[in-house]
Amino acid sequence: MTEQLERSLVLVKPDGFARGLTGEVLRRIEAKGYRLVALRVLVPGVEELHRHYAEHEGKPFFEPLVEFMMSGPVTAAVIEGQGCIPGFRSLAGTTNPTEAAPGTIRGDLGRDWGTTVQQNIVHGSDSPESAAREIAIWFPGL
Ligand code: DAT
Ligand code: MG
């Protein structure tokens with residue numbers, strides 16, 4: 001049996017980038033055994049973010065989320081390995097960093113800062129369909 005290669009889109013969000021946690025996030029991804037396929041640092045634009053977070057449009061935290069994501073540089077990465085979509089979600093921990101389990105990125109490194117939007121350090125695709133859609137947004141042509 002050969003490995004079923006799967007790809008996921010990871011973002012180190014502006015809070016994680018500003019705190020110098022990009023290396024720590026990438027270290028955990030590599031330590032888990034996933035490979036880096038592509039990497040870039042950029043300040044996201046409003047159009048990319050509306051596409052990326054289309055599923056959340058209309059929710060109360062949508063506009064604050066877009067504002068937060070545009071507030072500074074992020075690191076975008078495509079990672080690869082069998083099961084890396086659920087695998088990275090597991091490394092990241094649950095959305096709310098206060099509740100995220102110790103041992104996870106959000107549980108170890110994140111907390112509530114009193115902001116409208118949960119600043120939780122990372123994004124990871126939640127399904128193969130999301131991963132394909134998100135990779136096309138941040139890495140067109142990959
Ligand atoms: P995840 O990033 O765990 O996939 P999500 O896709 O449901 O979570 O939400 C996208 C981001 O929006 C999340 O990382 C932080 C923010 N967010 C989600 N639910 C929120 C809420 N109830 N209040 C504030 N921010 C929220
Ligand atoms: Mg999500």
Side-chain angles (χ1 to χ4, degrees), residues 3-142:
E3 185 185 5
Q4 299 294 302
L5 288 184
E6 173 172 281
R7 290 181 172 185
S8 184
L9 186 280
V10 170
L11 298 176
V12 181
K13 298 182 182 184
D15 58 329
F17 187 95
R19 290 176 58 205
L21 296 174
T22 298
E24 173 64 15
V25 170
L26 298 181
R27 188 193 65 75
R28 290 180 184 221
I29 288 168
E30 291 193 312
K32 180 78 170 174
Y34 302 137
R35 286 179 295 278
L36 292 170
V37 174
L39 202 57
R40 61 190 288 232
V41 173
L42 72 155
V43 179
V46 67
E47 193 242 359
E48 288 161 312
L49 290 168
H50 277 249
R51 287 173 65 198
H52 180 82
Y53 281 125
E55 65 173 309
H56 296 305
E57 219 157 339
K59 295 181 185 171
F61 60 84
F62 179 73
E63 288 303 335
L65 175 61
V66 170
E67 285 298 312
F68 162 59
M69 291 297 294
M70 295 198 320
S71 67
V74 306
T75 299
V78 177
I79 66 170
E80 186 175 76
Q82 180 152 347
C84 75
I85 293 172
F88 179 77
R89 301 273 299 179
S90 176
L91 286 184
T94 52
T95 306
N96 181 340
T98 297
E99 295 167 0
T104 66
I105 292 167
R106 290 162 168 173
D108 286 350
L109 308 172
R111 70 168 173 95
D112 189 343
W113 299 91
T115 51
T116 310
V117 157
Q118 289 166 352
Q119 298 195 4
N120 55 14
I121 305 173
V122 287
H123 166 83
S125 306
D126 63 9
S127 68
E129 296 71 29
S130 301
R133 196 179 61 77
E134 293 169 2
I135 289 168
I137 295 169
W138 302 102
F139 294 91
L142 188 73

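For ligands, and for the atoms within them, numbers begin at 1 and follow the listed sequence.
- Atom CD of Gln119 and atom CG of Asp112 lie 9.0 Å apart (nearest 0.5 Å).
- Under the side-chain contact (heavy atoms from CB on, under 4.5 Å) rule, Glu134 has a single partner from Leu11, Val78, Leu9, Val10, which is Leu9.
- Protein heavy atom closest to atom 24 (C) of ligand 1, with residue, atom name and distance, is Thr116 O, 3.3 Å.
- In this pair, His52 and Trp138 present their aromatic rings perpendicular. The plane angle is above 60°, beyond the 30 to 60° band.
- Near Lys13, meaning under 4.0 Å from one of its heavy atoms, ligand 1 places the atoms 13 (C), 14 (O).
- Here His56 has side-chain heavy atoms under 4.0 Å from ligand 1, and that is the only part of it that gets that close.
- A heavy-atom separation below 4.0 Å is not found between Asp126 and ligand 1.
- The closest donor-acceptor contact from the side chain of Asp108 to the backbone of Pro102 lies at 3.5 Å or more, if one exists at all.
- Closest non-hydrogen pair, Leu21 versus Ile121, comes out as CD1-CD1, 4.2 Å.
- Minimum interatomic distance between Ala38 and Phe139 (heavy atoms only, all atoms of both residues): CB-CE2, 3.6 Å.
- At a 4.0 Å heavy-atom cut-off, ligand 1 touches Arg89 through the side chain alone.
- Remark: minimum distance from atom 21 (C) of ligand 1 to any protein heavy atom is reached at Phe61 CD2, 3.6 Å.
- Closest heavy-atom contact between Thr94 and Ala100: OG1-CA, 3.3 Å.
- At least one heavy atom of Arg106 lies less than 4.0 angstrom from ligand 1.
- Nearest non-hydrogen protein atom to atom 1 (P) of ligand 1 is Thr95 OG1, 3.6 Å.
- Distances below 4.0 Å separate heavy atoms of Asn120 from the following atoms of ligand 1: 13 (C), 14 (O), 15 (C).
- For atom 25 (N) of ligand 1, the closest non-hydrogen atom of the protein is Gln118 N, 3.2 Å.
- Considering both main-chain and side-chain atoms, Glu55 never comes within under 3.5 Å of ligand 1 through any nitrogen or oxygen pair.
- The backbone N or O of Arg51 sits less than 3.5 Å from a side-chain atom of Arg133, completing a donor-acceptor pair.
- Between Tyr53 and ligand 1, no N or O atom pair is found at a separation short of 3.5 Å.
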